Amino acid sequence: MLRRPLVLAALADAAVPGLRPIEVEGQPVRSGAPYQCVDVTGEDGKRWTVRASLTTAAGAAVDSSSALARLLRPRLEVALPEVAGVARTSDDSIVAVYPQLPGQAVSFRDLQARSPLARSLGTVIAQLHDLDPAVYDEAGLPTYDAEAVRARRLGDLDRAAATGHVPTGLLARWERAMEGVTLWHFPTVPTHGTLDETDVLVDGEQVTALDGWQSAAVSDPAADFALLFLGAAPDAFDTVVESYAQARRERPDQHLERRIRLAAELRLMADLMDARAVGDEHLVARCTRALRRLDEQTALDDSLTPPPPGRRPAPAAVSEEVDPDDIESVDEHPSTDDEETLEIPVAGPDGRPAAASEEGDEGGTVAADDTGDQESVEAKQSDASADDVTSVGHGDDDVVGDEDVATDDNRDDASTGGGTGTGTDGPQAADHR
């Protein structure tokens, strides 16, 4: 039940003796939100955040998230919420009062590629995911392995399908991703759970605090990137994930990017279920339209499902023996340098031969030794035209965190592509906010 901000301020004064509120500012409450929040300024000028639970589960999460924050505070380099007092209302709602955290809420949309702030966010998430999961167990928070994460996703999918509001094409797309066994082989980590813009507080180019821990669990690391993926520009998102991968003690699993896109798409489904739970028919209609748009955008896309492992083709059989006397020499003036190798041009993105690589690919390219006669090498290649050169692609390697992260400039606000440097592209979930 929503309450007037002045009522919450009075409850805060009762929970924290001496607070003496002199100014109250309400915060907007979205449909289905677990808490109602107000900002209160005390007589001494100190600012407080007052959070009233709107559901039974949200009230229970106050104690567990408070215990978790106490354990995480010495382990993370950012500020965390600390309960100063708690009051209980006549209808069993929990009203918790916190000293206001330092910094301002970030705007994912305003994050810049290669900026210190984007890199700071990636580093902070990496520090969280590198924590010992036993810390969450000590705080009494749930722990899921990869198969349990998958089972929970399937359960959510079944409940959403029963509403009749989710297009069958999307349901089939998500089910195929759930059934892709290799997608669900990953180590679960301590997660924030629903890392939203209001949860990330910044000062200048640094993340200063993380708020909103009510959904924390040992779970899929992709959960902490879903809303960032929906809100940030592709190249800014890539910078966050690149910094994250570089800061992790262990390399992220190769299908993280696919599960991030899946989690982002499933957020639309979760918003639909939240809207139905509170009976907000207007929001139900909006979510339904967003899901239909996503269905149209992803109709021909199968990038959520990892391809089957490739098999290297067998070498071609030699049909007949070659007489060495039949081989015609094309170099009448061989080099006297014993270590010289031939440099074979490879087409660059513009169709022109690119610079020689240091290492040969399959079927490959070998670079001329630095000590070799470059003019002689170029002379040998003078008959090769750019049209005769075969371009060598990188394929779909699905590796997160390469030094140079690929970006997809064609991904707009209504598409779900993956420019995280993992080598997979796909349509982005429609912006439903």
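Remember, predicted model here, so these are calculated numbers, not experimental data.
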Non-hydrogen side-chain atoms of [X] and [Y] separated by less than 4.5 Å:
| X | Y | result |
| --- | --- | --- |
| Val284 | His165 | yes |
| Pro5 | Glu25 | no |
| Gln254 | Thr182 | no |
| Leu183 | Thr305 | no |
| Arg114 | Arg119 | yes |
| Trp184 | His255 | no |
| Val50 | Leu11 | no |
| Phe186 | Asp220 | yes |

Between [X] and [Y] (side chain of the first, backbone of the second, donor and acceptor by atom type, cut-off under 3.5 Å), is there such a pair?
| X | Y | value |
| --- | --- | --- |
| Ser120 | Pro116 | no |
| Arg267 | Leu227 | no |
| Thr188 | Asp145 | no |
| Ser215 | Gly193 | no |
| Thr239 | Asp235 | yes |
| Glu205 | Leu117 | yes |
| Tyr136 | Leu68 | no |
| Arg150 | Met178 | yes |
| Thr49 | Tyr98 | no |
| Ser64 | Gly140 | no |

Which heavy atom of [X] sits nearest to which heavy atom of [Y], and what is that distance?
| X | Y | value |
| --- | --- | --- |
| Leu170 | Val166 | CB-CG1, 4.3 Å |
| Ala12 | Leu19 | O-CD1, 4.0 Å |
| Tyr35 | Ala61 | OH-CB, 3.8 Å |
| Pro221 | Pro187 | CD-O, 4.1 Å |
| Gly26 | Val38 | CA-CG1, 3.9 Å |
| Ser243 | Thr123 | OG-OG1, 3.2 Å |

- [ ] With sequence neighbours left out, write down each residue that passes ring-ring contact (aromatic ring centres under 6.0 Å, His included) with Phe225, or none if nothing qualifies.
- [x] Tyr244
Task: For Leu210, the option from Leu201, Leu195, Asp199 that meets side chain to side chain contact (heavy atoms under 4.5 Å, CB included) - done: Leu195
Can you tell me how far [atom2] of [Y] sits from [atom1] of [X], rounded to the nearest 0.5 angstrom?
| X | Y | atom1 | atom2 | result |
| --- | --- | --- | --- | --- |
| Gln214 | Ser65 | CD | OG | 7.0 Å |
| Leu228 | Ile260 | CG | CD1 | 8.5 Å |
| Trp213 | Asp211 | CH2 | CG | 9.5 Å |
| Leu171 | Arg176 | CG | CZ | 11.0 Å |
| Arg51 | Gln27 | CZ | CD | 8.0 Å |
| Met269 | Asp271 | CE | CG | 10.0 Å |

May I ask you to check whether over 12 heavy atoms, not counting those of [X], lie within 6.0 Å of atom [atom1]?
| X | atom1 | value |
| --- | --- | --- |
| Arg30 | CZ | yes |
| Arg3 | CZ | yes |
| Gln112 | CD | no |
| Arg47 | CZ | yes |

Donor-acceptor pairs under 3.5 angstrom involving side-chain atoms of residues 69-87: please list them, not counting sequence neighbours.
unit_1: Arg70; atom_1: NH1; unit_2: Ser66; atom_2: OG; d: 3.4
unit_1: Arg73; atom_1: NH2; unit_2: Pro81; atom_2: O; d: 3.0
unit_1: Arg75; atom_1: NH1; unit_2: Leu71; atom_2: O; d: 2.6
unit_1: Glu77; atom_1: OE1; unit_2: Gln127; atom_2: NE2; d: 3.4

- [ ] Indicate whether the side chain of Ser303 and that of Arg261 have a donor and an acceptor atom separated by less than 3.5 Å.
- [x] yes
TODO: Tell me yes or no: between the side chains of Thr194 and Asp196, is some donor less than 3.5 Å from an acceptor?
DONE: no
- [ ] Check step by step if side chain to side chain contact (heavy atoms under 4.5 Å, CB included) holds for Leu266 and Asp156.
- [x] CA-CA 9 Å; Leu266 292 177; Asp156 293 341; over 6 Å; no
If the threshold is 4.0 Å, N to carboxylate O, is there a salt bridge linking [X] and [Y]?
| X | Y | answer |
| --- | --- | --- |
| Arg248 | Asp130 | yes |
| Arg173 | Asp301 | yes |
| Asp295 | Arg292 | no |

Open item on the list: Show, in sequence, the C-alpha distance, side-chain angles and deciding distance for Leu294 and Glu265, and conclude whether the side chain to side chain contact (heavy atoms under 4.5 Å, CB included) test is met.
Closed with: CA-CA 8 Å; Leu294 178 61; Glu265 293 182 17; 4.0 Å; yes
TODO: Test side chain to side chain contact (heavy atoms under 4.5 Å, CB included) on Leu128 and Asp224 and set out the steps.
DONE: CA-CA 10 Å; Leu128 172 62; Asp224 286 343; 4.0 Å; yes
- [ ] Applying side chain to side chain contact (heavy atoms under 4.5 Å, CB included), run through Val106 and Leu121 and close with a yes or a no.
- [x] CA-CA 10 Å; Val106 73; Leu121 178 55; 5.8 Å; no
Task: Pair Arg152-Ser219, side chain to side chain donor-acceptor pair (under 3.5 Å): steps then yes or no - done: CA-CA 11 Å; Arg152 286 167 58 83; Ser219 188; over 6 Å; no
